[in-house]
A.B. asks: 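There's a structure below that I have some questions on.
Owing to the predicted nature of the structure, the values given are computational and were not obtained by experimental measurement. By convention here, the first residue in the shown sequence is residue 1. Atoms considered below: every heavy atom in the structure, side chains included; atoms not considered: hydrogens, waters and symmetry mates. Start at 1 and go down the list; that is how both ligands and their atoms are numbered.
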Amino acid sequence: MIIGIDDTDSNEGMCTTYLGALLLDELQAYGTVETLPLLIRLNPTIPYKTRGNAAVALKLNTDCPEKVIAHVVSRIEELARMECEKTNPGTVFVLEKDYDRLKPILRRFLEKAVRDVIEIEEAKSLVSESGIPSKGFKNGRGLIGALAACGAMLNLEEWDHTFEYLAYRQNEKWGTPREIEKESFFEADRKTYPETWDTVDLKNRLVVCVPHSGDPVLFGIRGENPAIVTEAASLIRAEPVERFAVYRTNQGTDMHLLSVEKLTEIQDMHSYRLKGTVSSVPKTIHGGHVIFTIRDEKENEIDCAAFEPTKNFRLLIRKLRPGDRVAMSGSVSSGTLNIEKIEIKNLASLYREENPICLTCGKHMKSSGQSQGFRCKKCGTQATSKIMCEVKRDLTAGLYEVPPCARRHLAKPLVREHRSDIDINPAR
Ligand code: ATP
């Protein structure tokens, strides 16, 4: 059977992946775990999310599904942060006899949950019409993520994936500062990058795989396969770990992105791949955010932003000029694209007026006075007007990304791009 769970945590504590890791151990009493658990990231713009909009799925071979259901429901009742208004847990159970029937239905649901917005009623109708055993707590919004995670487990071969090794803290340490040896994370990165990524942010000298909130996660190592994330984790020196789990995940895959031809198709709370021509000089606004506009062939425009947390990425964005052709990916909120990656396809030629050059000595002429043209002091040559000179751009065409400290979970890091047609510039 497949078990989907979502929405058990609050900002103060817990984490649905921790509950997943706990259940992986506990459910051994009822059967055998068949494959790696799934950590599925859903639409990153959903306002109800606590942190990264994650849901979890486990697959178990068992001949007592009722006992499994009772156990999972009771553990959610015990551990979920029900007191938090935003915590609305949901769990669903897909029985083996229903795998084939539910596979396409839940695949569509997964895609919608990652790229679009779903009403709770839609999840509740699906559960009742398809006869899926389930339990929603409070308003039951977690049913959305739980169904989507089951859809991912039923359709494993259909989506690109990466892995994350999640280490969890001992219970008594929850809520206290994490004791870690920072240098060991840099060492793990040196030994396993580029097969692992987002362990540290080299340019900003930050360890980025250790959260700061009250949840049970000590660190999470992301990478291309289970062996490499396990190797990297073995190099970490930190406080003792209560347990760990290696999850298969859609993190780092760009699964959230929709393609659009016209900028008018763009809606808030969705994420896109889009292209256009820069149509305003980037400006830095209050808070250090850098904003500019792009235009499509039909003259429609959209605001694009490199927000303050994207740090040094803003230096690159500030160098864009009207006429540059770009393709970008990111999420749209309040009508503004929050840039995750940018491909600078073509740089506009920029010109600056300069005094004319003397054809005899090659030096710039001097003005002879207002409306009197220009004259070379040395050779006496003359010219009537200024000339236009091309300005050398301090920017190169290529593919760029925000630094690891600002990366969205679903955004595919450039180390995973295997393109030979363009310069790839990972933010390292
Ligand atoms: P947790 O560790 O508890 O999973 P989180 O940061 O992942 O924390 P949730 O607490 O799960 O966030 O909150 C997200 C809520 O939004 C869940 O109830 C989930 O079912 C719901 N949700 C996820 N994707 C969508 C979507 N596309 N449309 C509407 N609701 C969604």
Side-chain angles (χ1 to χ4, degrees), residues 3-23 37-58 72 75-92 106-127 132 134-152 159 164 166 168-169 174 211-218 220 245 247 249-251 255-258 267-272 331-333 408-410:
I3 303 155
I5 308 170
D6 195 12
D7 208 345
T8 61
D9 69 357
S10 72
N11 283 326
E12 282 69 48
M14 259 303 282
C15 171
T16 306
T17 69
Y18 175 75
L19 182 57
L22 210 59
L23 288 171
L38 300 186
L39 158 53
I40 300 300
R41 299 283 177 182
L42 305 169
N43 186 340
T45 68
I46 290 297
Y48 322 114
K49 67 178 183 178
T50 314
R51 281 177 291 268
N53 203 3
V56 159
L58 314 174
V72 171
R75 291 304 264 155
I76 294 176
E77 275 164 353
E78 282 163 31
L79 293 167
R81 295 296 172 115
M82 302 287 187
E83 69 284 1
C84 171
E85 192 202 327
K86 276 175 85 177
T87 303
N88 296 284
T91 179
V92 301
L106 290 183
R107 180 189 164 180
R108 283 193 295 277
F109 194 89
L110 163 71
E111 283 167 2
K112 193 167 176 189
V114 175
R115 299 180 186 139
D116 206 342
V117 182
I118 299 179
E119 298 298 327
I120 303 178
E121 287 317 314
E122 185 177 338
K124 288 186 174 166
S125 309
L126 176 58
V127 156
I132 304 173
S134 69
K135 172 85 179 155
F137 300 82
K138 295 165 70 185
N139 76 16
R141 183 175 287 114
L143 291 172
I144 298 171
L147 283 166
C150 289
W159 46 278
E164 179 159 2
L166 279 157
Y168 299 100
R169 313 183 72 193
W174 295 10
H212 300 286
S213 53
D215 67 88
V217 174
L218 181 59
Y247 277 94
T249 166
N250 63 345
Q251 290 169 169
M255 190 180 184
H256 58 318
L257 301 180
L258 296 159
Q267 296 172 5
D268 271 1
M269 292 172 76
H270 293 74
S271 307
Y272 297 97
S331 299
V332 178
S333 296
R408 277 274 166 83
H409 297 295
L410 276 163

A.B. asks: So, using ring-ring contact (aromatic ring centres under 6.0 Å, His included) as the criterion, who are the partners of Tyr247 when residues are at least two apart?
C.D. replies: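 Counting only residues at least two positions away or on another chain, Tyr247 forms no ring-ring contact (aromatic ring centres under 6.0 Å, His included).
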A.B. asks: Return the protein residues near ligand 1 (heavy atom under 4.0 Å from any of its atoms), ordered by chain and residue number.
C.D. replies: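 Contacts of ligand 1 under 4.0 Å: Asp6, Asp7, Thr8, Asp9, Thr16, Leu42, Asn43, Ile46, Tyr48, Lys49, Thr50, Arg51, Gly52, Asn53, Ala54, Ala113, Asp116, Val117, Ile118, Arg141, Gly142, Ile144, Gly145.
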A.B. asks: Applying side-chain hydrogen bond (donor to acceptor under 3.5 Å, both in side chains), run through Tyr168 and Thr17 and close with a yes or a no.
C.D. replies: CA-CA 10 Å; Tyr168 299 100; Thr17 69; 2.7 Å; yes
A.B. asks: Name all residues meeting the salt bridge (Lys or Arg N to Asp or Glu O under 4.0 Å) criterion together with Arg81; count only those two or more places apart in sequence or in a different chain, and write none if there are none.
C.D. replies: none
A.B. asks: With the threshold set at 4.0 Å, does a side-chain nitrogen-carboxylate oxygen contact exist between Arg108 and Glu111?
C.D. replies: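 A salt bridge is absent here (no side-chain N lies under 4.0 Å from a carboxylate O).
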A.B. asks: If we ignore angles and hydrogens, is there a donor and acceptor under 3.5 Å between the side chains of His256 and Asn43?
C.D. replies: no
A.B. asks: Tell me, please, which residues at least two apart from Trp159 pass ring-ring contact (aromatic ring centres under 6.0 Å, His included).
C.D. replies: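 So Trp159 forms no ring-ring contact (aromatic ring centres under 6.0 Å, His included) with any residue.
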